[in-house]
Amino acid sequence: MAKCLVVPYSYSSTGTRSRTRSSGSGSTSKPPGLQVQLQHHHLKFSLIQQNSLSVSVSAQCYYNTHTLLRRGILCALDSDVPHPLHHQVQSNKSFEQWDSWTAKFSGASNIPFLLLQMPQIILNAQNLLAGNKAALLAVPWLGMFTGLLGNLSLLSYFAKKREKEAIVVQTLGVISLYAVFAQLSMAEAMPLSYFVITSVVVATGLVLNFLNYFGLLNAGIWRLWEDFITVGGLSVLPQIMWSTFVPYIPNSILPGVFAFLVALVAVIMARLGKLSAKGIKFVGAISGWTATLLFMWMPISQMWTNFLNPDNIKGLSAFSMLLAMIGNGLMIPRALFIRDFMWFTGSTWASLFYGYGNIVCLYWFNSISKEFFLAATAGLILWIGMALWRDADVYGYNSPFTSLKELVSGS
């Protein structure tokens, strides 16, 4: 029987704090005497929130570069709002270079993620050409649909943050998953009606996200889309978590139904203005966090399966786990640099517990060599250490723990 390789596309996650990526972003370090005077200079910005309320502020200011960038830190619930402050300040070369490099690292994560998906697509095509449609029945399309919702949620999040590299990652994730769905539909392994619904969701999500990215979408339509992914994501998350432990717990759809009702009520109350301002922001952040937690749950589910069926770990591809570790690891420096706590949490979790965690399991059960394990361990430690050290350096901190503290607390 032909084997089917199933791997989640990526975690690339959602975040909490954003800084402007304009050429004038400046440096937060405080070399002696380096201050930027913006006297008699008007700083005007608009904060566009979910209620479409725009606030314009102009002020005469005197800032040093550290204080100016500090004002760019947003709280967790405002993380999906692109930073609106555009200013001209004396730039710091090392800061701008690291800004550019972290963006390139994030974009480069497309390579390992594509390599993760291509074996599945190629294998499905080979089975279809050979007339072996039964082999595609082993591909869990329902679980992959969950991953699709996660990719669409994160695409919406990064589109609002104008993180172009992350947008490409999530877009390729959506397209590659849809290619698998099309193959499953041709093999009759996925009901045609569900494939049609999936096609509508994918087409709608891609079109709306890119129209919104270029400022061509009506705010009301965008809010409806956000409500859809909020309700969908919150409904799926508890159901997936519950299903992981079946048959040790009763098989039930109650977690998903309950979460769906709670999400629906929350969204309706937010749109009717029945919630406080903080409550409305919380509802707006749900889709990002649920997408993050969905991807974070994948390694837990995989490790639980490894624990229950140790023999099955031989079916895991060490190369695929290495690609997962590398792909998510490449996004860690960018998430840390822009102080995106949600994105940093998801990427780090996936790199450590999905990619590296399964490599540890493979080594524990003697499925990979000691050299492979040590090389992966050393590479991961050096990469994360480099990201922490370099981030602290460009921000002018003496310790990388200061960067982590600012990432978590925003102060």
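Please read these numbers as outputs of a predicted model, since none were measured by experiment.
A distance of 11.0 Å separates CG in L154 from OG1 in T171, rounded to the nearest 0.5 Å. Of the inter-residue distances, the one linking M386 atom CE with I332 atom CD1 reads 10.0 Å to the nearest 0.5 angstrom. Atom CE of residue M296 and atom OG1 of residue T348 lie 9.0 Å apart, to the nearest 0.5 angstrom. Of the inter-residue distances, the one linking L224 atom CG with I229 atom CD1 reads 11.5 Å to the nearest 0.5 angstrom. Distance CZ/F228 to OG1/T230: 10.5 Å, rounded to 0.5 Å. Atom CG of L336 and atom CD of E406 lie 9.5 Å apart (nearest 0.5 Å).
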For residues 246-269, run the donor-acceptor check on the side chains, cut-off 3.5 Å, and write out each pair with its distance to 0.1 Å, sequence neighbours left out.
residue: S252; atom: OG; partner: L254; partner atom: N; Å: 3.0

With a cut-off of 3.5 Å and sequence neighbours excluded, list every side-chain donor-acceptor pair involving residues 371-383.
residue: T377; atom: OG1; partner: Y356; partner atom: OH; Å: 2.7
residue: T377; atom: OG1; partner: F373; partner atom: O; Å: 2.8
residue: W383; atom: NE1; partner: G329; partner atom: O; Å: 2.7

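Taking 4.5 Å as the limit, every side-chain heavy atom of V394 sits out of range of all side-chain heavy atoms of N92. Side-chain contact check for I300 versus F353: every heavy-atom pair is 4.5 Å or farther apart. The shortest side-chain heavy-atom distance between Q126 and N132 does not fall under the 4.5 Å cut-off. Residues K93 and Q97 meet the side-chain proximity criterion, which asks for heavy atoms closer than 4.5 Å. For the pair K161/I338, a side-chain contact is recorded, criterion being any heavy-atom separation below 4.5 Å from C-beta on.
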Under the ring-ring contact (aromatic ring centres under 6.0 Å, His included) criterion, do F337 and F344 qualify, and how do the steps go? CA-CA 9 Å; F337 178 75; F344 179 85; over 10 Å; no
side-chain contact (heavy atoms from CB on, under 4.5 Å) assessment of K133 paired with N127: CA-CA 6 Å; K133 294 183 178 181; N127 286 325; over 6 Å; no
Might you work through the side-chain contact (heavy atoms from CB on, under 4.5 Å) test for L155 and L206, ending with a clear yes or no? CA-CA 8 Å; L155 174 59; L206 291 177; 3.8 Å; yes
Which is it for Y178 and S199 under the side-chain hydrogen bond (donor to acceptor under 3.5 Å, both in side chains) test, yes or no, and what are the steps along the way? CA-CA 8 Å; Y178 182 74; S199 301; 2.8 Å; yes
side-chain contact (heavy atoms from CB on, under 4.5 Å) between W222 and E226: does it pass, once the steps are laid out? CA-CA 6 Å; W222 179 249; E226 287 189 310; 3.2 Å; yes
For N110 and F113: C-alpha separation, side-chain torsions, deciding distance, then whether side-chain contact (heavy atoms from CB on, under 4.5 Å) applies. CA-CA 5 Å; N110 284 295; F113 287 141; 5.7 Å; no
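Counted by atom type alone, S106 and R334 present zero donor-acceptor pairs between their side chains at under 3.5 Å. In this model, no donor atom of one side chain and acceptor atom of the other lie less than 3.5 Å apart for Y395 and T402. Donor-acceptor pairing under 3.5 Å is lacking for the side chains of Y157 and E163. Judged purely by distance below 3.5 Å, without hydrogens or angles, the side chains of S156 and N209 pair a donor atom with an acceptor atom. In this structure, a donor-acceptor pair under 3.5 Å is absent between the side chains of T204 and W225.
Of all non-hydrogen atoms in A335 and L407, the two that sit nearest each other are O-CD1, 4.2 Å. Here the closest heavy-atom approach between residue S369 and residue Y363 is recorded as O-CD1, 4.0 Å. Contact between L128 and A187 at its shortest, heavy atoms only, is CD2-CB, 3.7 Å. The two residues S176 and I121 make their nearest non-hydrogen contact at O-CD1, 4.0 Å. Taking all atoms of both residues into account, the shortest heavy-atom contact from W289 to M342 is NE1-CE, 2.9 Å. Nearest approach of S347 to M331, heavy atoms of both residues: OG-CB, 3.8 Å.
Residues Y354 and W349 place their aromatic rings such that the two centres sit no closer than 6.0 Å. Between F145 and Y194, the distance from one ring center to the other does not fall under 6.0 angstrom.
Of the possible polar contacts, one joining the T102 side chain to the W98 backbone as a donor-acceptor pair under 3.5 Å is found. Under a 3.5 Å cut-off, the side chain of S185 and the backbone N or O of F181 do not form any donor-acceptor pair. Between the side chain of N212 and the main chain of L208, no donor-acceptor pair closer than 3.5 Å is present.
Under the side-chain contact (heavy atoms from CB on, under 4.5 Å) criterion, L216 pairs with L211, F214, not counting sequence neighbours. Residues forming a ring-ring contact (aromatic ring centres under 6.0 Å, His included) with F210 (at least two apart in sequence, or on another chain): none. With sequence neighbours excluded, the residues that form a ring-ring contact (aromatic ring centres under 6.0 Å, His included) with W101 are F105.
Under the 4.0 Å criterion applied to side-chain N and carboxylate O atoms, D391 and R339 are assigned as salt-bridge partners.
The salt bridge (charged side-chain N to carboxylate O under 4.0 Å, His left out) analysis of residues 239-253, with sequence neighbours excluded, yields no pairs.
Annotation for W364: atom CH2 does not count as buried by contact number, only 12 or fewer foreign heavy atoms lying within 6.0 Å. Residue K104 qualifies as enclosed at atom NZ: its count of foreign heavy atoms under 6.0 Å is above 12.
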